[in-house]
Amino acid sequence: LATGPRQNNSIFYEIRTYDIKPSKMKEFVEMVNKYVHLRTAHSELVGFWSAELGAMNKVVHIWKYDNFAHRTAVRHALASDKDWQGKFISPALPLIEKQHNEVAYLVPWCQLGKPPKEGGVYEWVTFQMKPGGPALWGEAFRAAIGAHINTGYTKLIGVFHTEYGLLNTVHVMWWNESPDHRAAGRHSAHEDARVVAAVRDSVRFLASQQNVLLIPLQCSPLK
């Protein structure tokens, strides 16, 4: 586990999180579903979700870029796209309370996955690791992720390590058939000696963690 993928592969992911005014959430989601095709004409959307548990009135969307020059070109094109600016940006901005973005790379041992079927839920887990970087905590963290994968109760979608934003942050996205399926799997994992041992080793390097249960929007490529 290292930040090394950018040395061999310039592809990165921009993770955008928006807090929406509580009374405007339904309106915002409807606008995204209706007009996001204007945005995806410029670059690839990985997924678009709304928070169900762990946060409220929040959306998360992830965009893929070949490199930073690609992102710059896309941002310039969007600024000049009258349809995008007029039909979505202008009416959507008053609905948004706060915006936050991060740039992250997939860790070298992880490829972006897809769920086995549509209709499930996504768990977005954020780990704030102690300073020192992947050279310090990478091996233990990978082992903990692998232990959860090996239980078979959940599907790994991606592991992202931040390059811009709050540093030493790792985001892990999991897929489950339902919240109840996730809960049952977690109970089983907690009783699995392999998982317990791997997690016990990795938490030595952990400062904090939090999670959000996400529901994909109708327009989301990852459903």
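Hydrogens, waters and symmetry mates are skipped; everything else that's a heavy atom, side chains included, is used.
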Does one hydrophobic cluster hold both [X] and [Y], with members joined at side-chain heavy-atom distances below 4.5 Å?
| X | Y | answer |
| --- | --- | --- |
| L53 | I215 | yes |
| V196 | I149 | no |
| V29 | M56 | no |
| V125 | I145 | yes |
| V195 | V203 | yes |

Considering all heavy atoms of both residues, which atom of [X] and which atom of [Y] are nearest to each other, and what is their separation?
| X | Y | result |
| --- | --- | --- |
| V46 | P221 | O-CB, 3.6 Å |
| L206 | Q128 | CD1-O, 3.6 Å |
| A104 | I15 | CB-CD1, 4.0 Å |
| K223 | W175 | O-NE1, 4.2 Å |
| S10 | D66 | OG-O, 2.6 Å |
| A198 | A144 | CB-CA, 3.8 Å |

- Using the ring of each side chain (for Trp, its six-membered ring), is W84 parallel, tilted or perpendicular to F88, with breaks at 30° and 60°?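 Plane angle under 30°, so parallel.
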- Please work out whether the ring planes of F28 and F48 are parallel, tilted or perpendicular, with thresholds of 30° and 60°. tilted
- Is the shortest side-chain N to carboxylate O distance from E30 to K34 below 4.0 Å?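 Here E30 does not pair with K34 in a salt bridge, since their nearest N and O are not under 4.0 Å apart.
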Mind checking the [atom1]-[atom2] spacing from [X] to [Y]? Nearest 0.5 Å is all I need.
| X | Y | atom1 | atom2 | value |
| --- | --- | --- | --- | --- |
| R186 | T151 | CZ | OG1 | 9.5 Å |
| K98 | I20 | NZ | CD1 | 11.5 Å |
| L112 | I11 | CG | CD1 | 10.0 Å |
| Q209 | F127 | CD | CZ | 5.0 Å |
| N33 | S220 | CG | OG | 9.5 Å |
| H70 | E44 | NE2 | CD | 9.5 Å |

Keeping [X] on the side-chain end and [Y] on the backbone end, is there a donor-acceptor pair under 3.5 Å?
| X | Y | result |
| --- | --- | --- |
| T169 | L166 | yes |
| D81 | D83 | yes |
| K130 | R204 | yes |
| N168 | M129 | no |
| S90 | Q85 | yes |
| K64 | S43 | no |
| T154 | H148 | no |

- Message: Would V121 and L214 count as a side-chain contact (heavy atoms from CB on, under 4.5 Å) here? Give the steps.
- Response: CA-CA 6 Å; V121 296; L214 300 174; over 6 Å; no
- Message: We want to know whether E102 and T162 form a side-chain donor-acceptor pair, criterion being a heavy-atom distance below 3.5 angstrom.
- Response: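 No, T162 and E102 have no side-chain donor paired with an acceptor closer than 3.5 Å.
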- Query: Any side-chain donor paired with an acceptor under 3.5 Å for E14 and H61?
  - Reply: no
- Item | Worked check of side-chain contact (heavy atoms from CB on, under 4.5 Å) between D192 and Y153 | CA-CA 12 Å; D192 189 311; Y153 85 86; over 6 Å; no
- Task: Show your reasoning for whether ring-ring contact (aromatic ring centres under 6.0 Å, His included) applies to Y13 and Y105.
- Result: CA-CA 6 Å; Y13 298 84; Y105 293 93; 8.6 Å; no
- Candidates M31, K21, M25 - the one meeting side-chain contact (heavy atoms from CB on, under 4.5 Å) with L95: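 The single option meeting the side-chain contact (heavy atoms from CB on, under 4.5 Å) with L95 is M31.
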- Only one of V32, L45, I89, V74 passes side-chain contact (heavy atoms from CB on, under 4.5 Å) with R39; say which it is.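 Result: among V32, L45, I89, V74, V74 is the only option passing the side-chain contact (heavy atoms from CB on, under 4.5 Å) with R39.
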[X] ring center near [Y] ring center (under 6.0 Å):
| X | Y | value |
| --- | --- | --- |
| F68 | F12 | yes |
| F141 | F205 | no |
| W49 | Y122 | yes |
| H100 | Y18 | no |
| W137 | H161 | yes |

- Task: Tell me, with the steps shown, if V159 and W109 meet side-chain contact (heavy atoms from CB on, under 4.5 Å).
- Result: CA-CA 9 Å; V159 181; W109 47 268; 3.8 Å; yes
Within the structure provided, determine whether [X] and [Y] are in side-chain contact (heavy-atom separation under 4.5 Å).
| X | Y | value |
| --- | --- | --- |
| L222 | P216 | no |
| C110 | L156 | yes |
| N211 | T126 | no |
| E97 | P22 | yes |

- Task: Return the set of residues passing salt bridge (Lys or Arg N to Asp or Glu O under 4.0 Å) with K82 (not counting sequence neighbours), or none when no residue passes.
- Result: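 Per chain and number, K82 pairs via salt bridge (Lys or Arg N to Asp or Glu O under 4.0 Å) with no residue.
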- Step by step, would you call K58 with T17 a side-chain contact (heavy atoms from CB on, under 4.5 Å)? CA-CA 7 Å; K58 188 184 294 289; T17 304; 3.5 Å; yes
- Message: Quick check on Q111: does its CD atom have over 12 non-hydrogen neighbours (other residues, nucleotides or ligands) under 6.0 Å away?
- Response: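 For Q111, atom CD is not crowded (no more than 12 foreign heavy atoms under 6.0 Å).
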- Message: For W63, does the six-membered ring have the charged nitrogen or CZ of R71 within the cation-pi criterion, i.e. under 6.0 angstrom from the centroid and within 45° of the normal?
- Response: no
